[in-house]
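We count residues from 1, following the sequence as given. All values reported here derive from a predicted model rather than from experimental measurement.
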Amino acid sequence: MPIYDDTCFSVSCRSFQDLARQIDVDYGTVRDSAVYDYFRNKGTNPLEQDSTYAELWRTISKNEGMDYSVSSPSEGIRKARKSPYAFLWDMAVLEYAALTDDDCTVTVSGNSMSSKGYGIAMQHGSPYRDLFSQKILELQEKGDLDIMKHKWWPRTGRCELSSHASAHPDGRSLKLHSFAGIFCILAAGLLLACLVAGLEAWWNSNRCRQEQPKEVTEHRARRTGQRGEDTATLYFKDPAADASPDLVELQYTQL
């Protein structure tokens, strides 16, 4: 997340894309830090080929980072307060710097670029690990973690973090509408499966009707005793008929 002085808002720096396109505001981060490595990996990865991060990395690493990057977070924050400069650093640090700024000359804009969580270290095989994990998940599902964060780490103080920021701590609890996309995908998959099953059943039934030979029942020959004629009657059973098929009689005469 970047921290700016008021000059950046005059050139509309709302995102990394805006920051990469403009030329009026310099930007950078701490040299040889995790954020510095993050931009290097994103900007030089040939598989992603992200033009935004490629441009950001060219500026951040110019002259091996000596032109626009700084040596410490405090130096970056001071530079953002005194000049048209955007400092890219950890969100919690920048929010605190913006909230406690005496002159309210800096503000935070945009979303976090790479969210990372914090963990509680315990001894290997500790019986409290599962208990802590379960309780933390319960707090997250109910939205209590965000509510406590807004209570003890409010987004409003002596200064506003951003003129476009919202200060309504409703929490990010896991609600039903959060899984709407998953349910839509499952419903579409179920509908497609039913359609394929119906088509397969129709195809197999139609093919069996075409390939099944007609059953022929040959009636024993009957002698009529007239002029030495031999007469035979053949009965054809229609495979598509019901349990009482119509019989078609075919007679032929052998002289």
Side-chain angles (χ1 to χ4, degrees), residues 1-2 14-21 34-35 37-57 88 90-92 95 108-122 124-150 153 155 162 164-214 238-243:
M1 174 175 286
R14 308 294 185 217
S15 63
F16 286 146
Q17 289 78 9
D18 295 338
L19 194 63
R21 285 193 294 262
V35 179
D37 294 336
Y38 172 81
F39 281 105
R40 175 170 54 194
N41 295 334
K42 296 284 288 187
T44 59
N45 190 349
L47 299 179
E48 294 187 7
Q49 295 181 350
D50 194 324
S51 59
T52 298
Y53 282 95
E55 180 61 30
L56 291 174
W57 172 244
L88 310 176
D90 183 73
M91 180 176 61
E95 285 184 352
V108 179
S109 178
N111 298 323
S112 60
M113 56 188 175
S114 178
S115 299
K116 294 181 176 62
Y118 293 92
I120 302 176
M122 293 185 178
H124 180 71
S126 173
Y128 301 106
R129 187 196 65 176
D130 295 337
L131 179 62
F132 272 77
S133 299
Q134 181 180 356
K135 293 302 180 181
I136 291 175
L137 288 176
E138 291 178 0
L139 292 175
Q140 183 177 3
E141 291 175 357
K142 296 178 181 178
D144 292 339
L145 288 181
D146 287 322
I147 294 176
M148 288 188 292
K149 177 184 176 181
H150 288 292
W153 195 275
R155 294 184 61 86
S162 173
H164 302 277
S166 175
H168 299 285
D170 53 353
R172 293 195 302 268
S173 59
L174 299 179
K175 300 179 181 179
L176 182 61
H177 63 80
S178 302
F179 304 95
I182 299 177
F183 288 125
C184 291
I185 294 176
L186 290 177
L190 181 60
L191 182 62
L192 181 61
C194 294
L195 180 61
V196 172
L199 290 176
E200 184 179 1
W202 174 82
W203 174 261
N204 292 334
S205 177
N206 189 33
R207 187 178 60 179
C208 290
R209 290 178 182 179
Q210 294 178 356
E211 294 179 355
Q212 183 177 1
K214 292 185 177 181
D238 189 356
D242 53 6

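- Across all non-hydrogen atoms, the minimal contact from Phe16 to Leu88 is CE2-CD2, 4.0 Å.
- With rounding to the nearest 0.5 Å, the separation of CZ in Phe39 from CG in Leu56 is 5.5 Å.
- The CG atom of Asp146 sits 14.5 Å away from the NZ atom of Lys142 when rounded to the nearest 0.5 Å.
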Under the side-chain contact (heavy atoms from CB on, under 4.5 Å) criterion, do Asn204 and Glu200 qualify, and how do the steps go? CA-CA 6 Å; Asn204 292 334; Glu200 184 179 1; 3.7 Å; yes
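- Summarising the geometry, atom CE belonging to Met122 is positioned 9.5 Å from atom OH belonging to Tyr128; distances are rounded to the nearest 0.5 Å.
- Considering only heavy atoms from C-beta on, Lys135 comes within 4.5 Å of Leu131 through its side chain.
- Here Asp90 contributes atom CG and Glu95 contributes atom CD; the two are 9.0 Å apart, rounded to the nearest 0.5 Å.
- Ile136 places none of its side-chain heavy atoms less than 4.5 Å from the side chain of Ser133.
- The side chain to side chain donor-acceptor pair (under 3.5 Å) test applied to Asn45 returns no partner, not counting sequence neighbours.
- Here CD of Gln17 is found 7.5 Å from OH of Tyr53. Values are rounded to the nearest 0.5 Å.
- Put simply, CG on Asp130 and CD on Gln134 are 8.5 Å apart, with the number rounded to the nearest 0.5 Å.
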